[in-house]
Amino acid sequence: MAAIGVSTPRRDSEPKVRGATRFAADAPVPGLMHARLVLAHEAHALIAAIRTDAALALPGVVAVLTAADLPLVGDGPGRLNEPLAREEVVYAGQPVALVVADSEALAEDGAELVEVELEPLEAVLDLQAAARPGTPRARVRTPGQGAGSELGDAHASVSAGSVGEREQLSENVLGTARLEHGDIDAALAASEHVVGATFTTPWMYQGYIEPQTATARVEPDGELIVDTATQAPFATRDALARLFGLPLERVRVRGTPLGGAFGGKMMIVEPLVAAASLAVRRPVRLVMTRSEDIAATNPAGAELLTLELGADGAGQLTGIRARVLVDRGANDDFGVESIAAMLAAGPYRWRAHELSALGIATNRVTFGAYRAPTAAPAAFAVESLLDELARRLALDPLELRLANVAVEGDQAPSGQQFPVFGARQCLERVRDHALWAKREQLPDGEGIGVALGWWPGGYEPAAAVCRLDADGRLTVITGAADMTGVETGFAAIAAEAFGLDPTRVRVVNADTGSAPYAGTSGGSKVTYTVGRAVERAAIEARERLLAVAAQELEIAPEDLELVDGAVAPKGVPAKALALEELAPKILSFGSPHPPVEGHGRVSQPQAPQAAAHVSHVRVDPDTGGLTVLAHVIAQDVGRALNPALVRGQMSGGTTQGLGWALLEELAYDGFGQLTTGTLVDYALPTATITPPIETEIVEVPAPEGPYGAKGVGEAPVAGVPGAVANAVAAATGGVRVRRLPMTPERVWRALNGDAG
C-alpha cells in the first residue's frame, strides 16, 4: 500500500474533536501554583517603585516577584534576559511583576493589588523619526551585553552588508542590512518606465486559539522541567540553561500539543515560569489571558517599505531600489533585516538592485515572528508596483511576471543561486485557470488581480530514530514540535521507506532529555528537514531488518523484500516471515540478533517555496466596502505527501493572508496605548467574509526533500494582500491602496484621491 501522495486524516484529529487532547494548561500537577502578570500601563517610563505589601498580605498569595527577585545569570539584551522590566518600561503592557498564588483567582486578585509607580518618559512611536540622529531613545537604560536570543535563525537567514556604514543613524536602529548588485542608478535611468511608492503594513497578531502557556517545576535532584506550548523545545532548553546558569542536563523541556502558533510561541512565558519555580521551589503555571497575549507577546512588527523599480520597453525588469523600515518595538535581540531586504525584490531577475532594511526600536510591544516573517509586506509592495509597470507597458500583468520570474540557476539578491524553484509553474497554473480567464468580462466595480509570493525556506540540522518493536510495529522518535499534522507526515514517510502500512507506524515526540535533535518548528522546514531524517532512519532500519531476516531465512538480504508487513524471498510469498513473528525473536533474551533501529541525520540546503494567487473582488464606490468573491492559490509543494494536509495549509495560509489584506491591525494611539487589544477590537477572518478558496497543487520536487517534498506553511500567506490590492485596482480603474489592512475607510479615501 502506497503511503505517499495519499490523503489521510490527521492522527490528532479524533482526540482533539473529542476533547481528549491535553494542551499545556490541562495536565494536573501536584502542588501546582498559578501565576498572573502585572503589566505596565505606560509606553515609556522609569520604574520608581513596585509596592507588593498589599498583594502579599492576601491569603493564598505565595510571592510577588520583580526583576530583582528572579534568579537570572544572563544579562544580555532582549526580553529573554529581561522577562520582567528592570528599571525601565519600554512598552505599554510590559510585564513588571509576577504574582504566584494557590489559585488563578487568587493570583489575579493579588495582581490587582500590586502598585507600580512610574515616571513617564517621552514615547518613541514615529518609525521614520526614530531612525534619525538626535531623536529621543526608545530605551534610555542600556541593557546587558551578554548573548541575546538565537531564535531569529528559526526561519531563514541571509548574509548582508550594513546600512550604518553609509549614513548616520540613531541609537534606536538595532540592526541593518544591505544587498546590492550592479549600478542601480544607471539601471533606473535607462528604464523605459519607472514606478515607485511607499507602502505601510501594520503590527499583526498571530491569532492562535491557545494562549501562551507553560508550567515549570524543580525536581528534588535540581532538574528544571518545563512543559510548554512551544515551537522550539531544544532552543528553549538551551536558552533557559544559559539564563539560569544551569548545565544542559539539568534542564528538560517537554513540548505539549500546540493550539496554534504561526511563529509566535517561542520563549515568551518559559523564562517567567522557570524563574518563578526556581524562586519559590514549587511547580508554577502561567496561562496568559487573551488580552495579555495580545498586549505582551511577540507579534509581527509594522513595516514601511519604499520601493522604486523599472523596466525596459520590452518588459524586462531593469533595477529595483528598496528601503524597508521594520518596527521592532521593544525587541533588541531578534531581527529580520536581512530577510526583509532580500524579499523586497520578489522572486524576479533584476539587472541591478539596491536593497536595504533597518530594524528600529520604538515603544511598542516586543517584535517577533509571524508566518513567513516580512514576506507578506514585501510581496504587497513589489507585486503592486509590478502591476503598475504592466499598466504603463500595456502588458498583461501575469505575462510580465512570467517573463521575469527567477528559475533554477538565476542569482537571488542574496548572491546565491536559486535551486529548484517552482514559481514559474505556479504562474502558469493560474494563467490557465478559469478565474483568470474571466477578468475581462466582469461587471463594473469588480476586478481580478494576480500576485506571486515566495519564501526562501528555512534550514537547520535534524535527526530522527526509527525502531522495530516487539509487536512488529515501527516507532519513529523525534524531538520536533507537532504542528499542522507533521506527525501524520512522519508516519507516512517512515511507512513508505520501511515498507509498512502507515497504521503500523507510531510516532513519539520525546522531550529534550531523550529525543534526537530537532530544530525549531518554523520556517516551513520540519517536514523538509526532520522528515528527511525520518526517511533515512527508516531506510537504515529496513536494511537492518533484512539483514536479520536473511539469517533467519538463510538467504541473501538483496534477495528479500518487505511486503504487507512480512519479509519474504522475492517472488516466493509462501515463505514470508511476518514482522509479528520476527520482531519477538529479535527482541528477546538470548537473541543472536541486534535490535532493528535506524538513525537518520541531515543538514539540508534551502528549498524555496512559491505560491501564485488570483483574487476576485467587488468594491462598493459609495462606502469603500471590499468583498472578496473568489480566490485561487497555486503552490509549489515539491511533492504532496498528504494532499489533504497540503490543501489545508494552502487554505489556512490564504485565509491569514486575507486577514492581512482586509482586517487585522494592532493599532496604537499617540501615547503608545494599544487600541485593538481584545478580540472584540482585533478583527480576524471568519467564515462569513472568507470566499471559496480553490487550491491548485503544483509539484516541482525538491532534490533533498523526503520524496521530493518541501515545506508548505509559509508561502501561502505572502502573496494574498498583493493579489487583493491588484484586484482592487482592476475594479476601480487603477486606484491604489498602499496601506494594510484595506479597510472600507481606506478604500473610500483612495477612491477619493487619498492613497494613504
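Computation of the quantities below employed the complete heavy-atom set of this structure, encompassing side-chain atoms and omitting hydrogens, waters and symmetry-equivalent molecules.
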Trainee: Quick one about Q656 and R371 (side-chain donor to acceptor, distance below 3.5 Å, no hydrogens or angles considered), yes or no?
Mentor: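 Side chains of R371 and Q656: pair found under 3.5 Å.
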Trainee: For E665, is there an ion pair with R746 - N to carboxylate O distance below 4.0 angstrom?
Mentor: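 The answer is yes: the pair qualifies as a salt bridge.
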Trainee: Any non-hydrogen side-chain atom of E303 less than 4.5 Å from a side-chain atom of D327?
Mentor: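 SC-SC contact between E303 and D327 ruled out.
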Trainee: Using distance only, find each side-chain donor-acceptor pair of residues 695-708 under 3.5 Å and give its atom names and separation, not counting sequence neighbours.
Mentor:
unit_1: T695; atom_1: OG1; unit_2: R647; atom_2: NH1; d: 2.8
unit_1: E696; atom_1: OE1; unit_2: R429; atom_2: NH1; d: 3.1
unit_1: E699; atom_1: OE2; unit_2: A640; atom_2: N; d: 2.7
unit_1: Y707; atom_1: OH; unit_2: A497; atom_2: N; d: 3.2

Trainee: Quick one, Y348 and L317 - any side-chain contact, counting heavy atoms below 4.5 Å?
Mentor: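 Yes, at least one pair of side-chain atoms sits under 4.5 Å.
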Trainee: Could K265 and Y208 be counted as a cation-pi pair, given that NZ or CZ must be under 6.0 Å from the ring centre and within 45° of the axis?
Mentor: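 Checked: cation-pi criterion met.
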Trainee: For residues L658 and V720, report the shortest heavy-atom separation together with the two atoms involved.
Mentor: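 In terms of heavy atoms, the two residues are closest at N-CG1, 3.6 Å.
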Trainee: Could you check whether the rings of W454 and F418 sit parallel, tilted or perpendicular, using 30° and 60° as the cut-offs?
Mentor: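 Answer is tilted, since the angle falls between 30° and 60°.
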Trainee: Do D293 and Y205 meet the criterion of a side-chain donor-acceptor pair at a distance under 3.5 Å?
Mentor: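 Indeed, the side chains of D293 and Y205 share at least one donor-acceptor pair under 3.5 Å.
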Trainee: Between A495 and D501, what is the shortest heavy-atom contact and its length?
Mentor: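 Distance-wise, the nearest heavy atoms are CB-C, 4.1 Å.
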Trainee: So, for M742 and V724, which heavy atoms are closest and what is the spacing to 0.1 Å?
Mentor: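 Distance-wise, the nearest heavy atoms are CE-CG1, 3.6 Å.
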Trainee: Do we see a donor-acceptor contact under 3.5 Å between the side chains of T198 and T306?
Mentor: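 The answer is yes; a qualifying pair exists.
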Trainee: Heavy-atom count around K438 NZ within 6.0 Å, excluding the residue itself: above 12?
Mentor: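 Incorrect, the count does not exceed 12.
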Trainee: Any ion pair linking E388 and R391 (charged N to carboxylate O, less than 4.0 Å)?
Mentor: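 The answer is no: the pair does not qualify as a salt bridge.
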Trainee: Might you point out which heavy atoms bring N298 and M266 nearest each other, and give the distance in Å?
Mentor: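 Shortest heavy-atom contact: ND2-O, 4.1 Å.
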Trainee: Is the closest side-chain donor-acceptor distance between H433 and E694 under 3.5 Å?
Mentor: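 Yes, a side-chain donor-acceptor pair sits under 3.5 Å.
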Trainee: Are H616 and H631 close enough that their ring centers fall under 6.0 Å?
Mentor: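 No - the distance between ring centres of H616 and H631 does not fall below the 6.0 Å cut-off.
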Trainee: For D636 and K710: C-alpha separation, side-chain torsions, deciding distance, then whether salt bridge (charged side-chain N to carboxylate O under 4.0 Å, His left out) applies.
Mentor: CA-CA 9 Å; D636 167 30; K710 62 176 65 173; 2.7 Å; yes
Trainee: Between F380 and F199, is the ring centre distance below 6.0 Å?
Mentor: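 Yes - the distance between ring centres of F380 and F199 falls below the 6.0 Å cut-off.
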